[in-house]
Amino acid sequence: MLEAWEIFVKLGDRMVLDDVSFELAEGRILAVVGPNGAGKTTLIKTLNGTIEPIYAGGTFLYSSDLNNRREIVFMSRSEIAREIAVVAQETETRFPVTVLEFVLAGRFVNGGMFGWENDADIDAARLALADCDLAEYGDRLMNELSGGERQRVVLARALATNAQILLLDEPTANLDLAHQAMMFQLVRERCRSCDASAVVITHDLNLAAEFADEVLMLKCGKVAAYGTPDEVLTVENIKNVFGVEVLLDKNPASGNVRVTNVF
Amino acid sequence: MLGAERLPLLSLSPEQASILYDIRLPRVFLAACVGASLAVAGAGLQSLLRNPLAEPYLLGVSNGAALGTLLAFWMFSMFEFARPIMAFAGAGLATIAVYRMAKSRAGMNVERLVLSGVIVTTFLSSVIVMLTTLLDAAKLRSFTFWLLGDLSQATSGGVYLSFGAAIVATVLIASQARALNLMMIGERDAADFGVEVSRVRFIVFGGASLAVGASVAASGSVGYVGLIVPHVIRMIVGSDNRLVVPFSAIAGAIFVVLADTIARTTIAPRELPVGAITALIGAPLFIWLLRKN
């Protein structure tokens, strides 16, 4: 479980996050939406402790491994990595790293003797690759993959960890339709089967409506709306935050709210 | 006694024994230590800085050590250990300077890093040139030869020190090999997955400065070893630093021992600076590697 209270982050002279709070229970998915520059990526970096807020009521973690709740700013990098896995926006590799080596980076904090992976690490990595439709890709080089394939490898690396919390920064940006759905299904499956929870940044409001349990809408670092998809994804909120007119109806297949642009 | 001679190892004359044990063996051993140190420093810096071109010689680390050694040579020549200590300090300061210059508010990019390395290298070179003009003729000649990479001054004290530095640096950098595998992908990624980035940086920079400082103090600037050796090793074993670091140490040792043998024998009884040989082999080899990939 993840709790963030009153987070304020300043980068340079700009207030990037201005009083952001939310609570995420086990097994649930939170979608973070908002225009470019709204502070979504900064929020994820703050949640895993790589950016320090100027003021915060606190970012707290509870999990089965931790006996009590811990505040992220007081945890070491390896303690955080045991609890939280990040799917960052695309990373570029300058050295010829194989897909399997890349995914094994997710097992860093499980490091065995002398920093070599054991069979459990390799199994976890292979399983994660298979889940992401990449079973045959283990020996391929990262810089020979397409953007979408690389993005799935980055997801596989996060799934190869034992983390209870997944933070995903635009995980579907380069993916085709089938793999967009696969990505969210994998995240949801992980949340259901391991009581994990996920924070997903996405620009696709319809994917947010389909897969998220809660939506946090940011505008210029402030929370514009926070609640269930039905509560947050309203014509007024979208007009106010994104400045565009939309039509809302129900997705005929799932019954969830559906957003259509009006051009 | 000129040229090669078959030695009866079990019944050496006192002169033969003295040449073998006091001159040749320390020199071969020193060459191996220097090669291992430079190759390991190169392998570590390349992964840490995510740049296959990072090399102690290109990043100003060698010149920092050279300036430190020159100052020791000039001011504290009576203390045997002044040279390695000042060389280490010089290497460390140059590394910190390059790193600070390369790091901007937006983080560090490779172009800035190489540029900073070039600036620090050329700046330190001119300081070295200015200071050498103040040396007297005899000191100047020995210093210039040393600057180009010279293993002929091998003393047992220097050899022990280089050996110690090579071992400590290799262990330090190899101990961070798995963390370096993650840093190689990206510092942010590494931090996300549990690497204490600043600690790894400190250990690897420290290890590399120690290795380069000790090598430069013992043998001057032997270029290209830190660039070529890890490159060739990566082509053979892949990018995993847990293999690259130890194999680079071994291959670097072999490379410099061979280069020094060539330096010592091609125009015997005169000698070529070993740094000239490593550059003569290294530069074309590097161009070939670049074109091949």
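Only a predicted model underlies this, so the values are computations on that prediction, with no experimental measurement involved. Every chain is numbered from 1, with letters handed out A, B, ... down the list of sequences.
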When you look at CZ of A:Arg140, are more than 12 heavy atoms from neighbouring residues, nucleotides or ligands closer to it than 6.0 Å? yes
Tell me, yes or no, whether the heavy-atom count around B:Phe163 atom CZ, taken from other residues, nucleotides or ligands under 6.0 Å, exceeds 12. no
What I'd like to find out is whether the side chain of A:Ile80 reaches to under 4.5 Å of the side chain of A:Thr50, using heavy atoms alone. no
Below 30° counts as parallel, above 60° as perpendicular, anything between as tilted: where do the rings of A:Phe184 and A:Phe211 land? parallel
Give, as side chain, backbone, both or neither, the part of A:Ile84 having an atom under 4.5 angstrom from any heavy atom of chain B. backbone
Per-residue contact mode, A:Ser76 against chain B (heavy atom under 4.5 angstrom): both
So, B:Phe286 versus B:Tyr224, ring centres under 6.0 angstrom or not? no
Please classify the contact between B:Asn181 and chain A as side chain, backbone, both or neither, with a heavy-atom cut-off of under 4.5 Å. neither
Less than 4.5 Å to any heavy atom of chain A: does that hold for the side chain of B:Ala179, its backbone, both, or neither? both
Chain A contact via B:Val197 - which portion, at a heavy-atom distance below 4.5 Å: neither
